[in-house]
Amino acid sequence: MRFLVISPTPSHPANAGNRQRIQALLRGLRRFGHGIDFCFIAREAVAEEDLAAMRGAWDEVILLPHDRAAERRSLGEVYGIDDWFQPPAAAALAQLAAERHYDAVLVEYVFLSKALEYFPETTLKIIDSHDVFSGRQERLRALGLPPAFFYTTPAEEGHGLDRADLVLAIQDEERAQLEEITRAAVVTLGFVPDPLPDAAPRREGGGSGVAGYLGSANPINQAALKAFLQALDLDAVAREGGRIRIGGGAGQATAGLEGPLEVAGPVAEAAPFYAGLDLALNPHQGGTGLKIKSVEALAHGCPLIGTADALLGLEPEEPFHAAADAAALAPALHRFLAEPAFRERVAEGSRRLFHRYAATVERQMGILRSPAALRLALDRPRVLLVTDLPFWEEKLGNHARICEMLRVGREWLDFDLLVLRSLSPAERAAARRVVGGRGRVFSFRDYALPGVAWIESSPLLKGFERRHFARVFFAALEAHLAAHPCEAVILEYIRLSYLRHARGLPRLTVLDTHDVMSLRAENFAHFGLDHHLQISVQEELAIMDSFALVLAIQAAEHRFLADALPGRALYLPHSLPHRCRHDAGRPARRVAFVGGDSPMNRDGLRWFLEQVWPCFHGHEAELHVAGGVCASLGAAAATAGRVVLHGAVADLDGFLDAADIGINPVFYGGGLKIKTVEYLCRGLPAVVTQEAVHGIEGGEPGAYRLAHSRRDFVAELHLLLTDTTVRQQCSEAAYRLGRRQFSRAVSGQALRSLADLARAERREAAAA
């Protein structure tokens, strides 16, 4: 293939993260045998020797002028999407498109997306996004920094992205954001320096004392580095034999600080700098994008500690890769200097992280290998999801499960949504954000009311399904399938299983179980309670047997279904995006619980208020409760004292970030307890019952404090409230377990498999 690459940034020298990204991407294209013409819109100055290097690297370099003084904001406080695209470039690109044929045009940065309009529809059009530019000014101001570079609105950015056939996001969190505003296909393509070193370099003499940071003088780097250095006890670093070496313009952040600081100044080659370190630091806080300096350090074999922002997109599993901010990272350096075992853990964890990430990027890069691979990336199966839940509200665990499945799956699948309830315009808009810009949202009310459905007189409809049958929903699904064919249908919960009989269904029918309801009903009955859905194990398995695929949310249920339905059970756990690790070093004052108004939550929390919480009378800790369960706890909470009922909270992340300890005292239920997963993935120390961790296996010892009785619950909660060391250990183990079992990398494997199955079904249907 012949590529034209249009960039406002030179590819050489690779002395900044964006240039490294461009070089690595284009070298990857060269390895695949593609030809590359590099069109440099000269927004940045480039030395003659660097221009020569560019000419040596690519087939042709085309220089176009750019006047930075002419850049104006056409939308008041923000830029319009085309404000940096100037007439000289437009004229030159129009002529280039008329004179030459390119198989693909790749534009670096969305603000040059107008260039794509000059090329014919037969040319594949790609945007390498680098970053999310809508709302960028607010993110910078939140860090106390003035807006810089390009920033715009979601509508403007979406308009620019819509000009492409394919958008490359540099990490998954940004892919998810971009998918909400564009109709283009968005895929993640990370970054690994090329070529990779053959072995990890070691500084001469080895040791544990030299930590380092390599970064430019941009304000974000300086602010983060200064916050980190100010949080350190620099005298203690010196006593522990440590030194901190700072390369690049970021050394300006050391002004006014004294201690074991070495300002190396400009660094021509990264490899010698990292070879002289025992540990790399990245205290980055705020912002978006992939932090190239983190990947660079890991690629050079250097152990790394960093903030969650610094490793965004790498899916780290270790707590020393997920500090909440620059100041919270400081204790990890002191620990590295003092504890040999911790140094080994950081080194091994960093090696594992890099090799896992490098393999991921190699797989991602494969979509650009050939025209066939690109067609596959763009030829996405369409899947219809049918539900009666307002999941876009994200108030309950099952809401979160559906939202997360859609957000992760959007990379490989285009989703339609048929909602079996009325939708207001605001609800449609909220649902559309979750299915993404390529998705479509329908309500059953979009279709005419039916007469008697044919299925009602059919022997196909039996028992459980007949009791839950709804004529209007069944007719709406048949009408929808007639108008909007798809490759697969996912039904949420077995109560909608009667819809499997609808005419027009594709062969790939999928049941998302959430729970095995017959086992859940048995669990309720064990405690003398009636479950709202009554079905026997035999009947439930017989219904499931008619589906092509059954999704299990947790490990124990997956084993059960895999034994009963060989080859048709797919493990799709709940997942959560990358989060910073909870700061377990602060005093523990706030115990938290969040949950909907379910009988399991009500009964478990009332038991806790009556049997456990009174034992902490006189303790300064408070219990904070959020969610629908608050509606039924008024009297019990008032009697117990020191209980704050928040009700539904708009910012659940903020509520959990403020917590010091989590609890989950439920003692019956089934399925997967999403709140327990939230605790684990944040590294929030928690006291839980056996039921609260049902289906969470392969546990890291100490990842939670397990209580089998009232006495255990009191003792374990007291231990977490009073013992900082235990709290820290629990937090670290929780984070590791949560990220290994419930990261988007794990759920993504199942959803990629679903996409592959849908493509295979489409091929078979076309061949029939």
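Note: hydrogens, waters and symmetry copies are ignored here, and every other heavy atom, side chains too, is used. Position 1 is the first residue of the sequence; numbering continues from there.
At a threshold of 4.5 Å between non-hydrogen side-chain atoms, the residues P10 and D50 do not count as touching. Residues L279 and I305 have side chains in contact (heavy-atom distance under 4.5 Å, counting atoms from C-beta outward). S743 has its side chain out of reach of H578: every pair of non-hydrogen atoms, C-beta onward, lies at least 4.5 Å apart. In this structure, I6 and L106 have side chains that are not in contact, with every pair of non-hydrogen atoms separated by 4.5 Å or more. Between F111 and D83 there is no side-chain heavy-atom pair separated by less than 4.5 Å. Counting only heavy atoms from C-beta outward, the side chains of L378 and L124 approach each other to under 4.5 Å. Proximity of Q171 to R175: side-chain heavy atoms (C-beta onward) are nowhere separated by under 4.5 Å. Side-chain contact check for F3 versus V105: every heavy-atom pair is 4.5 Å or farther apart.
The structure places CG of L277 at 4.5 Å from SG of C302, a figure rounded to the nearest 0.5 Å. A distance of 13.5 Å separates CD in Q20 from CG in L25, rounded to the nearest 0.5 Å. For the atom pair CG of L26 and CD1 of I36, the computed distance is 4.5 Å after rounding to the nearest 0.5 Å. For the atom pair NZ (K125) and CD (E121), the distance works out to 6.5 Å, reported to the nearest 0.5 Å. To the nearest 0.5 angstrom, E487 atom CD is 12.5 Å from L757 atom CG.
For E49, the CD atom sits in a packed shell: over 12 heavy atoms of surrounding residues, nucleotides or ligands are nearer than 6.0 Å.
Taking every heavy atom of both residues into account, A758 and P381 meet most closely at CB-CB, 3.5 Å. Shortest non-hydrogen contact noted between A224 and H284 is CB-CA, 3.8 Å. In this structure, A89 and I41 approach most closely via the heavy-atom pair CB-CD1, 4.1 Å. The nearest pair of heavy atoms linking E60 to I62 is OE2-CG1, 3.9 Å. Closest approach of E180 and R433 over heavy atoms only: CG-O, 3.2 Å. Minimum interatomic distance between V110 and F133 (heavy atoms only, all atoms of both residues): CG1-CD1, 3.9 Å.
The pair E318-R352 meets the salt-bridge criterion, with a side-chain N (NZ, NE, NH1 or NH2) lying under 4.0 Å from an Asp/Glu carboxylate O. For D128 and R21, the salt-bridge test passes: some basic side-chain N is under 4.0 Å from an acidic carboxylate O. Salt bridge absent: E296 and K293 never bring a charged side-chain N and a carboxylate O closer than 4.0 Å. The residues R407 and E404 are annotated as not salt-bridged, no charged nitrogen and carboxylate oxygen being separated by less than 4.0 angstrom.
A cation-pi geometry, defined here as NZ or CZ lying under 6.0 Å from the six-membered ring centre and within 45° of its normal, does not hold between R380 and W412. Under the 6.0 Å distance and 45° angle rule, R2 counts as a cation-pi partner of Y102.
Each of L189, L178, L168 was compared with S129 under the side-chain contact (heavy atoms from CB on, under 4.5 Å) criterion, and only L178 meets it. Checked against F38 for a side-chain contact (heavy atoms from CB on, under 4.5 Å), the options L63, D59, I22 give a single hit: I22.
Side chains of Q95 and E99: a donor-acceptor N/O pair is present below 3.5 angstrom, by distance only. Between R744 and S575, the side chains place no donor N or O within less than 3.5 Å of an acceptor N or O (distance only, hydrogens not considered). E156 and Y79 are not linked by any side-chain donor-acceptor pair at a separation below 3.5 angstrom, with hydrogens and angles left out of the test. One side chain, E157 or S134, offers a donor N or O that lies under 3.5 Å from an acceptor on the other. There is a side-chain donor-acceptor pair under 3.5 Å between T9 and E44. With hydrogens and angles left out, the side-chain atoms of R19 and Q23 include no donor and acceptor closer than 3.5 Å. No side-chain donor from either of D309 and T307 sits under 3.5 Å from a side-chain acceptor of the other.
Ring pair F149/Y109: centre-to-centre distance below 6.0 Å.
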Practice item. Start with the C-alpha distance between R382 and R440, add both sets of side-chain angles, then the distance that settles side-chain contact (heavy atoms from CB on, under 4.5 Å), and finish with yes or no. Key: CA-CA 10 Å; R382 186 159 290 276; R440 300 177 296 190; 3.2 Å; yes
Point to revise | Candidate pair L64 and F40, rule side-chain contact (heavy atoms from CB on, under 4.5 Å), full reasoning | key: CA-CA 6 Å; L64 300 182; F40 174 43; over 6 Å; no
Review point. Going through the distances and angles, do E174 and V186 end up as a side-chain contact (heavy atoms from CB on, under 4.5 Å)?
Key: CA-CA 10 Å; E174 291 187 359; V186 187; over 6 Å; no
Review point. Passes side-chain contact (heavy atoms from CB on, under 4.5 Å), L166 versus V187? Steps please.
Key: CA-CA 8 Å; L166 183 67; V187 298; 4.0 Å; yes
